[in-house]
Each structure stands twice: as C-alpha cells, then as structure tokens.
Amino acid sequence: MEKEKKGEGFVTIGDLWKLCAARWRWYVVSVGICLVLALGYLLKTPYLYTRYAAIIVREESLGENATKANSNELSEIGFVKQKEKISNVVRHLGSLDVMMEVVRRLKLTDNEDEIIYYAFEIQSRFLAEIEDPLTSTIIDLTYKDYSTTEAERVLSLIIQVYNDKWLEEKRQLIRNTSIFIDSRLRLLERELDIVDDSISTFKSQFGITSLDRVSDVYLQQQSAADAEILSLSNEKAMAQYIRDLLHDDSGKHQLLIVNSGIKNNVIESQITLYNNLVLQMENHLEYTSDLNPLIISQEKELTKLRKNILANVDDHIQSLDIQLNSLRGFHSQTTSKIISNPGHAKYLTSIERDQKVKESLYLYLLQKKEENEISATYKAAPTKIIDIPNGSDKATTPNRPKLLIAAFMLGLLVPTTVLFLMASTDTSVRDRRDVERNTDIPFLGEVPYSGREHSLESMLMRFGIGRKAKSGGIVVGHDMLNASNEAFRVLRDNMDSIRADKFPDKGCRVYLIKSTQIEVGKTFVGMNLAITKAIDGSRVLFIDGDLRQASASRLWRTPLLGLSDYLCGDESDFRKLLWHPEGYPTLDVLAAGALPTNPAELLKSSLFKDLINKVREHYDCVFVDSPTAGILADADTIERFVDCTLFVVRAGEFNRHRLSELSPIEIINGAAKPQYIVLNGVNIHARYGFAYSHKYERSEEDKNLTTISKKTILLNKIIFKKKKHQV
C-alpha cells in the first residue's frame with residue numbers, strides 16, 4: 001500500500017524544475033514569440049499621454065449652511081439653494097451631457113450621431129475621483145489622449161462646461177421663481193384691495209373708528225389669540241396652496257415653494273427633493289424623450305413623492321385646524337365679553353384678521369422676490385481650479401517595460417503550465433523513480449532511446465513529442481561510445497552484481513527476457529545485452545524462444561534451422577544449429593527456426609528442459625527471448641526452466657500503476673524465480689530523474705579510441721583467439 005501511495009504520480013517542484021530545464025527549447029520559443037508579439041503591439045499601438053488637474057467644489061454649491069461662509073442673505077434664499085453631494089458632482093463631471101457639450105465646443109463634428117460617439121470616446125478616457133471622500137471637497141481629474149495639448153484642452157473644457165451648466169441651471173431656477181412670485185403678488189394685491197374696501201365701508205356705515213373701549217384684559221388675550229391664529233392661518237394657507245398645486249394635474253411639473261413658512265421639517269425636505277427631481281427631469285428631457293426608461297422612472301418617483309407630500313400636508317392641515325378651532329373657541333369667549341358692540345367688533349375683527357393674513361403673505365413674498373433678485377447677481381462658479389492641467393511628457397500607455405516583462409513572464413508561464421499538465425496527466429512509467437515508487441521489484445537499469453540523433457523522431461523527442469518508436473537492432477560494439485552502449489554496460493555490471501549476490505556458485509545462469517506488451521524493445525534489450533556480455537569475454541548463448549514471431553532471428557538474419565528443429569527431434573545436437581555473429585567469437589545464437597503450429601506444446605516438452613541443462617555446461621550466461629507474456633503462455637512455460645527473469649518495460653507506454661501487480665519473486669514448481677525490471681526507451685533529452693551530463697556524440701577527430709581503450713580491445717582479441725584455438 002505504501003508503494004501505491006508513492007506511485008500516485010505527484011509532480012514535485014524538483015521534478016517540474018528538471019523537466020522544465022530539459023525542455024529549455026520550449027522556453028526559448030515561447031519567450032521569443034511572446035516578446036515578438038509584445039514588440040508588434042508596441043509598434044502598432046499609439047502612445048497615450050496623461051494629464052492631471054484638481055478642482056475644489058465650493059461649499060455653497062453643495063448647499064452647506066451659509067453662516068459658515070458669512071453669507072446670510074444668500075443662504076436664506078430657499079429657491080436657489082440645492083443640497084448636492086460631492087459624489088453627484090463627480091458623476092455630473094463625467095456625464096454624457098457634459099461630454100457632448102465638450103465635443104460641440106471642440107467642433108469635432110456637426111453630426112449628432114458622431115457627437116455621441118466622440119462623447120463616449122472622451123468619457124472612456126476621463127476619470128474623476130474624490131481626494132478624500134470623508135472630509136475633502138477636492139476632486140482629482142485625469143484624462144488620456146494621444147496629444148498632450150489636446151488632453152489639457154479637453155480637461156479645461158470639461159471643467160468650464162460643468163460650471164456653465166451649473167450656473168445656467170441656477171439662473172433658470174431663479175427665473176422660474178421670479179415668475180411664480182410675481183403671479184402670487186398680483187393675486188394678493190387684488191385680495192388686499194377687496195379687504196381694505198370692506199373695512200372702510202363697514203366703518204363708514206356703522207361709524208366705528210376703534211375698539212379701544214374693549215376691556216384691556218380681554219383685548220390683550222384676544223390680541224394674543226389673534227396673533228396665534230394669524231400665524232396658524234398663514235401656515236395653513238400656504239399648506240392649502242401647496243396642496244392645490246399638487247392636485248392640479250396641469251402643473252404637475254411646476255416647482256413648489258421652499259421655506260414657505262410651514263413649520264414641518266418633513267414637508268420642507270420633501271418639497272426640496274421634489275424640486276430637485278423636477279429640475280433633473282427637465283434637464284434630461286432636453287436631450288431625450290418621454291419614453292426613455294430614465295424619464296419613466298423619474299416620473300414614477302415624482303408621482304410617489306407627490307402622494308407622500310399630499311399625505312403629509314393633509315395631516316398638517318388637520319393639525320392646524322385643531323389648533324385654530326381651539327384658539328377660535330378661546331377667541332369667542334373673549335369676544336363675547338366685549339361690552340361695546342360685540343357683533344360689529346367681531347365682524348370688524350374678522351375682516352382685519354383676514355387683512356393681516358394677506359398682508360403678512362404679501363410682505364413675505366415681497367421679501368422673497370427681493371432675495372431672488374439679489375441671487376440673480378450671484379455668478380460664482382461652483383468649482384475652482386486649484387491645479388491647472390499638467391503632466392509628464394512620457395507616455396503612460398502602453399507601458400513598454402511592464403508590457404515586455406509581462407510578455408517575458410507569459411513566455412515562461414505557458415510552457416511551464418503545459419509541462420505541468422503533461423506531467424500531471426501522464427500515468428506512464430517515466431523513469432526509474434516511477435519504477436521504484438510503484439513496485440518492490442529491483443530495478444536493474446535503463447536503456448535510452450536508440451534512434452538516430454538527427455532523425456525526425458529524435459528531434460521530436462527533444463521536445464517531448466512522438467515518444468512511441470520501435471527500438472533498433474544492435475547498438476553496442478567494441479569501439480562504440482554512445483548513450484545506448486554505456487547504458488548496456490551499466491546493465492551488464494548490475495547483472496554481475498546480482499550474480500555475485502544471488503548466485504555465488506559462479507555457474508551458468510539462464511535469463512528470460514519477458515514483457516507484457518508488444519513493441520517494447522524486449523528482443524532489442526536481449527540481443528544487445530548478450531553482445532555486451534560477450535564483449536567482456538563471457539561465453540554467451542542467445543536463444544530465440546519466440547516461436548511465433550522470431551523477431552531476433554529476423555533481426556540477426558540467422559539460418560532457417562533453429563530451436564523448433566531441435567524440439568521437434570529433427571536435430572539432436574543443438575551445437576549444429578548455432579549461428580555465430582561476426583566479430584563476437586564468444587557469442588552463439590540459437591535461432592527460432594521454422595515457426596511451428598504448436599509452439600506452447602514444444603516448449604513444455606522435456607527436450608526444452610534438456611536443452612537448458614545442456615547449455616549450462618558450455619556457457620557462462622544464457623539469454624532466452626520469449627513472446628509477449630499475459631497474452632500467450634509461452635513465456636510462463638519458459639520461465640519454469642530459467643534462473644532469473646528480466647522484465648522489460650517501455651518508458652512512456654507502460655502504465656506505472658500496473659507495476660504494483662508484479663511480484664519480485666515468482667514461485668514456479670517450488671523454486672523461487674527472482675525478477676528484475678529493465679526500463680527501455682528512456683528519452684535522455686527530457687526526463688524527470690536526471691539528464692546525461694555530457695553528450696556521447698563525438699566529432700571525427702574524437703572518434704579515435706584512447707590508448708587505454710585500444711590496449712583493452714587488443715588484449716580481448718588475444719584472449720578470444722586463444723579460447724577459439726582451445727575449442
């Protein structure tokens with residue numbers, strides 16, 4: 001279970017680093033492409049320059065209490081004052097309405113559609129931010145353009161257009177207020193004339209000059225009550241007037257009076273909000289239609305607000321009526337006690353009261369008219385420039401250093417991501433560490449891919465592409481110094497170590513070359529391993545036990561006679577069937593011979609067992625090639641007569657999770673058969689475990705062997721000749 005956990009194929013940072021280092025060409029290509037694309041983008045993209053400005057919003061334009069600014073007269077002008085948040089100023093500065101006016105003043109085009117297009121373009125390059133949203137009224141403005149001069153001009157125009165629109169809005173509000181006050185004054189003048197005439201006629205008719213005879217006490221009480229009734233009646237009249245305006249559908253978009261004398265903060269705040277919404281809707285209707293969703297939404301909000309104001313005004317009028325009824329009752333009591341002509345006094349008092357109400361309202365409107373006229377002369381802009389448009393002459397977009405660094409990092413990230421995904425999803429055996437993690441079978445050695453160094457397959461393998469390729473033929477020899485030759489020498493030395501540990505008698509050992517997949521290089525490994533053993537002077541026999549394909553016999557081009565002829569009884573002396581490869585005097589090959597129809601039965605016969613026993617007497621090492629195990633029973637049959645099994649695994653093809661199914665020791669016929677793994681087809685140009693630290697390819701001048709190697713080969717030849725002479 002521990003082996004299985006280790007073999008989950010987790011890619012460590014060290015593995016990923018070595019994999020990336022082996023695929024360094026990928027990074028060169030990826031970084032090169034990304035940098036070329038970045039440079040192309042820099043060459044195609046025009047440079048944008050940034051200009052900055054800062055404005056401060058005047059507090060009076062935000063509706064702050066004017067006592068802070070020592071401007072009592074202007075602060076009391078309820079018709080002009082509009083409370084506005086600093087965030088609304090920021091939004092208005094970047095609004096499409098302001099941008100369209102900027103385009104018109106720049107005279108970029110006369111077409112309305114093009115004006116909107118240019119307005120959107122300017123809006124996308126403009127940014128307004130509050131310096132400190134909690135305490136500051138300073139707004140920082142930023143604008144990007146291809147020309148520094150044009151950027152400064154646009155910034156200045158945005159500020160100027162906003163100020164002009166704000167002032168025009170205030171002037172329009174003042175004009176509407178003046179018209180409303182004038183109409184109310186004319187109406188009150190007519191009503192006061194009527195009341196004055198009524199008083200004059202009444203006094204003339206009844207000869208009444210004054211009411212001084214009325215008791216001073218009751219007169220004082222009556223006077224106080226009259227004053228209170230006057231105040232409440234005035235407040236009620238204004239409330240009724242506002243209610244009448246709200247009920248009048250023809251003037252539903254008309255502004256309401258602010259600071260009308262109604263002592264109700266809720267109604268006053270609602271009226272202020274109502275006037276703001278009316279002005280906003282009138283401003284929007286200048287460049288859109290009634291069917292615009294924004295207008296419809298504002299209309300619904302106005303209707304809802306009108307209902308709320310009406311409800312509050314009705315409640316307030318009821319409250320005033322209750323107070324008036326109470327005061328009038330008290331007034332009636334005092335009036336009844338007046339001894340001198342109470343009926344006339346009452347009538348005269350009521351007329352005078354009406355006169356005073358209208359006079360108070362008339363004076364109030366006159367005061368507001370004067371204040372409105374004074375406000376018409378107020379022309380201070382709502383904002384003041386504290387930092388004129390300025391900025392560096394260096395382009396801000398595109399940022400060349402950042403873009404090149406990003407391209408470089410992307411060039412590194414893409415191949416790293418691809419390699420990590422490839423490594424994470426690869427379940428095949430990649431190197432010896434995968435073998436050691438997933439099985440207890442001892443690892444004997446590995447053989448690199450033996451294709452030509454400059455072939456297309458080899459070039460693709462350098463980039464980790466096209467890993468499946470058939471192994472070649474003989475890749476080892478006396479004077480060969482390549483990666484495959486060195487790998488087989490390592491295998492030979494490891495086999496000698498196994499032999500010294502497991503087989504101390506120094507006798508002949510028979511090895512089975514076995515695999516569970518086709519085209520994994522099983523025959524290739526067996527042939528080259530046999531030659532490698534023969535090079536060091538050992539007497540070696542290679543038996544082609546694959547009586548179905550005879551792969552080794554075809555590769556070696558052996559005679560037609562071989563193992564099948566011996567097992568069929570056609571030849572009793574196996575030595576007459578041996579073939580001797582040229583250049584390797586201590587190596588004999590027993591070919592497969594003619595392919596029989598019953599290979600499994602022939603291998604089970606006693607003749608094969610006798611053959612194995614006979615060859616043990618003549619050789620130091622015997623290699624037996626076999627068909628693919630698992631599919632055919634031939635390999636399992638041969639395994640009964642051998643001493644050790646070499647299980648060949650192809651890197652990049654064999655699923656590493658299947659390694660856990662293999663056993664290091666197989667008990668066959670009561671005998672323990674040790675098993676070792678040989679990893680074939682390792683890509684030495686891209687691997688996890690390690691990479692060769694030097695190249696085995698040599699130039700023409702370096703192909704000559706060193707003096708020591710020449711002496712060693714010469715000594716081996718002398719030994720071979722003596723042994724051959726003895727035989």
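Everything numeric here is computed off the predicted structure, so don't read it as measured data.
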Around atom CD of Glu370, are there more than 12 heavy atoms of other residues, nucleotides or ligands at under 6.0 Å? no

Determine whether more than 12 heavy atoms belonging to other residues, nucleotides or ligands lie under 6.0 Å from atom OH of Tyr47. yes

Kindly indicate whether the side chain of Phe408, heavy atoms from C-beta on, has any atom under 4.5 Å from the side chain of Cys34. no

Answer with yes or no whether the side chains of Asp314 and Gln318 bring together a donor and an acceptor at under 3.5 Å. no

I want to check something: taking the side chain as every heavy atom from C-beta on, are Ile122 and Leu106 in contact at a cut-off of under 4.5 Å? yes

Partners of Glu121 by salt bridge (Lys or Arg N to Asp or Glu O under 4.0 Å), sequence neighbours excluded? Arg125

Side-chain heavy-atom pair Thr50, Thr148 within 4.5 angstrom cut-off: no

As an exercise, state the distance from CG of Leu48 to OH of Tyr146, rounded to the nearest 0.5 Å. 5.0 Å

State whether the side chain of Ser360 and the backbone N or O of Lys356 hold a donor-acceptor pair below 3.5 Å, judged by distance alone. yes

Mark yes or no for whether Ser183, through its side chain, and Phe180, through its backbone, hold a donor-acceptor pair below 3.5 Å. yes

Do NZ/NE/NH1/NH2 and the carboxylate oxygens of Lys368 and Glu371 come within less than 4.0 Å? yes

Roughly how far apart are Leu361 CG and Leu187 CG, rounded to 0.5 Å? 9.0 Å

If you define the side chain from C-beta out and look only at heavy atoms, does anything of Val418 sit under 4.5 Å from Trp26? yes

Thr383/Arg58 under side chain to side chain contact (heavy atoms under 4.5 Å, CB included): CA gap, chis, key distance, verdict: CA-CA 6 Å; Thr383 63; Arg58 301 180 188 274; over 6 Å; no

For Asp393, enumerate each residue passing the salt bridge (Lys or Arg N to Asp or Glu O under 4.0 Å) test, keeping only those at least two apart in sequence or located in another chain. Arg51

Would Gln172 and Arg175 satisfy side chain to side chain contact (heavy atoms under 4.5 Å, CB included), going step by step from the backbone distance to the final call? CA-CA 5 Å; Gln172 182 62 37; Arg175 287 194 292 270; 2.7 Å; yes

Could you check whether any side-chain heavy atom of Leu155 comes within less than 4.5 Å of a side-chain heavy atom of Phe126, counting everything from C-beta outward? yes

State, with a plain yes or no, whether a side-chain heavy atom of Ser136 is found less than 4.5 Å away from one of Glu131. yes

Mind listing the closest non-hydrogen atom pair of Ala38 and Ala407 along with its distance? CB-CB, 3.6 Å

For residues 401-419, which residue pairs pass the side-chain hydrogen bond (donor to acceptor under 3.5 Å, both in side chains) check, not counting sequence neighbours? Tyr27-Thr416

Just how far is it from atom CG of Leu188 to atom CZ of Arg186, taken to the nearest 0.5 Å? 11.5 Å

Using only atom types and a distance under 3.5 Å, with no angle test, would you say the side chain of Thr137 pairs donor to acceptor with the backbone of Ile86? no

When rounded to the nearest 0.5 angstrom, what distance separates CG in Leu127 from CG in Asp140? 9.0 Å

State which residues pass salt bridge (Lys or Arg N to Asp or Glu O under 4.0 Å) with Glu191; sequence neighbours excluded, sorted by chain then number. Lys358

With rounding to the nearest 0.5 angstrom, report the CD to CG distance, Glu189 to Leu365. 10.5 Å

Could you note down all residue pairs passing salt bridge (charged side-chain N to carboxylate O under 4.0 Å, His left out) where residues 86-105 supplies at least one of them, sequence neighbours left out? Asp97-Lys165, Glu101-Arg104, Glu101-Arg105, Arg104-Glu112, Arg105-Asp164

Between Ile158 and Met99, is a side chain to side chain contact (heavy atoms under 4.5 Å, CB included) present by the stated rule, with each step listed? CA-CA 7 Å; Ile158 290 175; Met99 300 305 169; 4.0 Å; yes

Does a side-chain heavy-atom distance below 4.5 Å link Leu167 with Arg171? yes

Indicate the atoms forming the closest heavy-atom contact of Tyr52 with Gly391, along with that distance. CD1-CA, 4.3 Å

Which pair of non-hydrogen atoms, one from Ala128 and one from Leu141, has the smallest distance, and what is that distance? CB-CD2, 3.6 Å

Which heavy-atom pair separates Leu410 from Ser30 by the least distance, and what is that distance? O-OG, 4.4 Å

List the atom of Leu96, the atom of Gln123, and the distance in Å for their closest heavy-atom pair. N-NE2, 3.6 Å

Other residues, nucleotides, ligands: >12 heavy atoms within 6.0 Å of Asp110 CG: no

Write down the atom of Ala54, the atom of Ile138, and the distance for their closest heavy-atom approach. CB-CG2, 4.4 Å

Quick check: do Asp145 and Tyr49 have side-chain heavy atoms less than 4.5 Å from each other? no

Using only atom types and a distance under 3.5 Å, with no angle test, would you say the side chain of Ser178 pairs donor to acceptor with the backbone of Ile174? no

At what distance, to the nearest 0.5 angstrom, does CD1 of Ile130 lie from CD1 of Ile139? 6.0 Å

Mind checking salt bridge (Lys or Arg N to Asp or Glu O under 4.0 Å) for Lys369 and listing every partner two or more places apart, or none if nothing turns up? Asp182

Show the numbers, then the answer: is there a side chain to side chain contact (heavy atoms under 4.5 Å, CB included) between Ile33 and Val414? CA-CA 11 Å; Ile33 292 175; Val414 170; over 6 Å; no

Please check if any side-chain donor atom of Tyr143 sits under 3.5 Å from a side-chain acceptor atom of Arg153, or the reverse. no

